[in-house]
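The analysis underlying the following values was restricted to heavy atoms, covering all of them including side chains, and did not include hydrogens, waters or symmetry mates. Here the structure is a predicted model, which means the values were calculated and not measured. Residue numbers begin at 1 in each chain, while the letters A, B, ... track the order of the sequences.
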2 protein chains.
Amino acid sequence: MEEIQKILARNLKAIREKEKLSLEKVSELSGVSKAMIGQIERGDSSPTITTIWKIANGLKVSFTTLINVPQPDAKVVLRSEIQVLSEDNGRYKVFPIFPFQENKRFEIYSVEIEPEGNLNSVGHRDGGEEFITVFDGEVIITVNDCNYNLKNGDSIRFKADRPHTYYNSGDRLTRLSMTIYYPD
Amino acid sequence: MEEIQKILARNLKAIREKEKLSLEKVSELSGVSKAMIGQIERGDSSPTITTIWKIANGLKVSFTTLINVPQPDAKVVLRSEIQVLSEDNGRYKVFPIFPFQENKRFEIYSVEIEPEGNLNSVGHRDGGEEFITVFDGEVIITVNDCNYNLKNGDSIRFKADRPHTYYNSGDRLTRLSMTIYYPD
DNA sequence: TCTATTTGTATGCTATAATGTATAAAAAGG
DNA sequence: CCTTTTTATACATTATAGCATACAAATAGA
């Protein structure tokens with residue numbers, strides 16, 4: 001029995017218990033036999049993707065809910081705790097706030113750019129996407145040679161797996177929130 | 001043949017072509033037979049979770065990469081386009097920037113709170129989690145009766161499926177970035 | 001153009017997923 | 001406590017996943 005089967009078994013059983021459903025009920029909801037639901041929960045069988053799909057749909061949960069592992073409560077990150085990363089002679093500063101987590105697939109930064117400060121990025125991992133909101137100042141973001149002029153309060157999302165740049169075109173500090181999503 | 005099989009077929013074939021791998025090579029990397037890889041790509045078979053796990057690991061991609069559907073490039077959201085939601089007699093304003101997307105599982109807002117403005121939340125959907133960073137002013141966030149005093153540049157993440165409140169304890173506008181994650 | 005190599009597909013066989021049914025065990029109700 | 005109902009598991013059968021092998025088709029190189 002593979003580890004992934006155990007994970008699936010635990011998650012399915014946990015969901016079923018939490019919702020207070022019998023094997024019979026899950027069977028009705030999903031269109032998968034009661035005996036098969038039981039086999040899966042005991043880790044006695046490695047179900048096909050079609051079967052899992054039916055179960056996920058029947059229980060109205062996602063695949064990842066069935067194949068991932070759980071985590072804990074509130075956590076504060078003070079600015080003083082953050083190890084800042086500088087580029088462009090200190091004119092571009094990145095504050096890594098919430099690191100990447102495998103089961104969430106995103107990480108969060110805040111960014112500060114001094115006037116005329118800039119950063120060129122060759123692009124991140126495949127399929128990555130950035131979500132940026134301007135909280136102070138202004139910025140010109142270039143993606144695939146397209147310039148996007150953003151003012152205070154504006155936002156942009158773009159595919160981050162290609163060359164892109166950030167440039168503070170104003171005369172005061174620019175501050176951005178940055179959420180980077182990775183599909184894998 | 002189920003729809004999920006077609007999706008899987010398309011994604012696997014796309015990855016293989018992109019990486020310029022032969023069926024033989026994917027077979028070596030994953031430990032799944034060449035014939036089976038071919039069957040999966042043609043949608044001729046509904047593989048078990050163990051088989052998909054092996055393929056995902058062999059190709060170093062996630063499950064979601066194999067079972068999800070692709071999207072387009074950069075998109076700008078100007079502040080003027082955002083429909084603001086107000087609470088507490090206008091002292092608490094929410095700007096929905098990037099709406100929830102099923103395949104990413106998070107949504108992004110910015111929030112503005114006037115001095116003494118506050119909001120009580122009974123909690124969102126099960127397992128939801130909030131990631132907040134202060135970009136201006138200060139805020140007291142309460143989660144499970146615990147108060148967290150955050151200053152400019154500080155951040156917090158907390159389980160959002162329980163009662164929580166936001167209160168501007170300062171004497172000027174507070175601005176927050178808010179990323180809400182939902183497991184399903 | 002021809003030959004050798006690589007690649008994808010077809011086929012038959014084995015292993016196992018998935019089911020329906022029977023039954024033992026657990027839970028609910030009087 | 002006893003009886004009925006519900007629930008989970010065992011078992012036999014059917015369908016199909018997964019594999020090894022052969023071969024046709026496509027590609028690469030001389």
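- A donor atom on one side chain and an acceptor atom on the other are not found under 3.5 Å apart for A:Glu129 and A:Tyr182.
- Here the two rings, on A:Tyr181 and A:Phe131, have centers that are 6.0 Å apart or farther.
- Residues that satisfy the side chain to side chain contact (heavy atoms under 4.5 Å, CB included) test with B:Pro96, not counting sequence neighbours, are B:Ile82, B:Leu85, B:Tyr109.
- B:Tyr166 and B:Glu87 form no side-chain donor-acceptor contact under 3.5 Å, judged by distance and modelled atom types alone.
- Summarising the geometry, the separation between NZ on A:Lys20 and C1' on C:dA27 is reported as 15 Å, rounded to the nearest angstrom.
- Nearest approach of B:Ala56 to B:Ser62, heavy atoms of both residues: CB-C, 4.5 Å.
- If you check the side chains of A:Glu2 and B:Thr50, you find no donor sitting under 3.5 Å from an acceptor.
- The shortest distance between the side-chain N/O atoms of B:Arg42 and the OP1/OP2 oxygens of C:dG8 is not below 4.0 Å.
- A donor-acceptor contact shorter than 3.5 Å links the side chain of A:Asn168 to the backbone of A:Ile113.
- For DNA chain D, the outermost nucleotides in 5' to 3' order that have an atom under 4.0 Å from a heavy atom of chain A are D:dT7 to D:dA17.
- Formation of a donor-acceptor pair under 3.5 Å by the A:Asn11 side chain with backbone atoms of A:Leu66 is found in this model.
- For the pair B:Glu41 CD and C:dA10 C1', the computed distance is 16 Å after rounding to whole Å.
- Between A:Asp44 and B:Asp44, the residue anchored closer to the 5' end of DNA chain C is B:Asp44, taking for each the nucleotide with the nearest heavy atom.
- Here the P atom of nucleotide C:dT7 and the CG atom of B:Leu21 are 10 Å apart, to the nearest Å.
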Exercise. Which parts of nucleotides 18-25 of chain C does protein reach within less than 4.0 Å, heavy atoms only, written one letter per nucleotide 5' to 3' as B for base, S for sugar-phosphate only and - for none?
Worked result: BBB-----

